[in-house]
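In listed order, ligands and their atoms are each counted from 1.
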Amino acid sequence: MVVIMKPGTKKEDVNSVVTYVKGMGLDVVLNQGINYTVLGLIGDTGKIDPDKLMLNEHVDRVMRIAEPFKKASRKFHPENTVVKVGDAEIGRDKGFTVIAGPCSVESEAQMTEVANGVKKSGAKLLRGGAYKPRTSPYSFQGLALEGLEILKEAREQTGLPIVTEIMSPALVERFERDVDVIQVGARNMQNFDLLKELGKCSKPILLKRGLSATIEEWLMSAEYILAGGNENVILCERGIRTFETYTRNTLDLSAIPAVKKLSHLPVIVDPSHSAGMSWMVEPLSLAAMAVGADGLIIEVHNCPEKALCDGAQSLNLAQFDSLMKKMTGMGRNIGLNI
Ligand code: PEP
Ligand code: MN
């Protein structure tokens, strides 16, 4: 972090800033120019609040040099993190993992059909929401604990690990016991109490990008989980809010190479919530593969027309199978072990 003092600041006023910074346990390198004095702060600048420094009338500007995330940063952890779940190694170089299943768990028959279908087509993990974050309180809210039991049954039948969304910190213990990958939805990306609890948890976390979150905010949320001691975080780009209304969200494909550069964490794409329309899932999936995503999470339903949630963006089993075949072909062409 660099602090630039206002032109002509007296030595004793510079010293008061130096004393404050040193008092926070940091070192200071002082550069005295003709007009400006520039202080280079060395150490854990995460403890320093730039806005507080700006309160000093002699401070002109404060600039961060390092990113505020540390444990999520590739600078401090150059090798890719690989999250191992069942047969899948998410984040493995040249690997590509597909997670598939319905938006919501609706019944045992629905989950059995979808789980067997997506497994046959090559999905490595099964998704399904038991607790649903719905905009309207009158919409289907999910089967809650009954949904979790149905998911466990589908895992039992297929061997596919299960991914499902958590909304309340009160359920972390239960999810840690029953679920293989715990999903944090876009709406809870900045539920810091939830993130702190998940930091203490032993299961991998799938952290979706918030509706209007910057990449830095998203990585700071991952930092909460990592800082608590849980190193198995998978990031998921699921589209962001923009002025465009044609699609449900705007898939930010550039976030994939950006996150890969900034962080060692695996990053996957959710083309279903990005587009909101099933016919767009295929081109977005292929695009995600081309920009270097580590995998996909795709909504698949045995009968999308009758789905209780997100039917319009769900693939049926035949469409999913056809997409998996195309992705296998493309993956091989671009050197993935798929
Ligand atoms: C979901 O995965 O069903 C979901 C609600 O996703 P998001 O949090 O990305 O909206
Ligand atoms: Mn959904």
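Nearest protein heavy-atom neighbour of atom 6 (O) of ligand 1: K208 NZ, 3.0 Å. Closest protein heavy atom to atom 4 (C) of ligand 1: H273 NE2, 3.4 Å.
Near G185, the atoms of ligand 1 lying under 4.0 angstrom from a non-hydrogen atom of the residue are 8 (O). Taking every heavy atom of Q183 and a limit of under 4.0 angstrom, the matching atoms of ligand 1 come to 1 (C), 2 (O). Taking a cut-off of under 4.0 Å to the non-hydrogen atoms of R127, the atoms of ligand 1 that pass are 1 (C), 2 (O), 3 (O). Taking every heavy atom of C103 and a limit of under 4.0 angstrom, the matching atoms of ligand 1 come to 3 (O). For ligand 1, the atoms sitting less than 4.0 Å from at least one non-hydrogen atom of E165 are 4 (C), 5 (C), numbered in the order shown with element in parentheses.
No heavy atom of R209 sits closer than 4.0 Å to any atom of ligand 1.
Contact check on R127 versus E299 returns a salt bridge, with a Lys/Arg side-chain nitrogen under 4.0 Å from an Asp/Glu carboxylate oxygen. The residues E149 and R174 are annotated as salt-bridged, a charged nitrogen and a carboxylate oxygen being separated by less than 4.0 angstrom. Salt-bridge annotation for K203 and E176: absent, with no side-chain N of the basic residue lying under 4.0 Å from a carboxylate O of the acidic one.
Each of L53, L55, D49 was checked for a side-chain contact (heavy atoms from CB on, under 4.5 Å) with D51, and the lone residue meeting it is D49.
Between the SG atom of C103 and the NE2 atom of H273, the angle taken at the Mn ion (ligand 2) works out to 170° after rounding to 10°.
In terms of distance to the Mn ion (ligand 2), the nearest N, O or S atom of D310 is named OD2. The atom name of the N/O/S atom in E299 closest to the Mn ion (ligand 2) is OE2.
Using bins of under 30°, 30° to 60° and over 60° for the plane-to-plane angle, the ring pair H264/H77 lands in the parallel bin.
Residues Q313 and M277 are not in side-chain contact: their nearest non-hydrogen atoms beyond the backbone lie 4.5 Å or more apart.
On a distance-only criterion, A186 and ligand 1 share at least one N/O pair closer than 3.5 Å. Residue D270 has no nitrogen or oxygen atom sitting less than 3.5 Å from a nitrogen or oxygen atom of ligand 1, judged on distance alone. For R238, a nitrogen or oxygen atom sits less than 3.5 Å from a nitrogen or oxygen atom of ligand 1, counting backbone and side chain alike.
Closest heavy-atom contact between I297 and C236: CG2-SG, 3.8 Å.
A distance of 8.5 Å separates CG of N56 from OG1 of T9, quoted to the nearest 0.5 Å. Within the model, atoms OH of Y224 and CG of L198 stand 13.0 Å from one another, a figure rounded to the nearest 0.5 Å.
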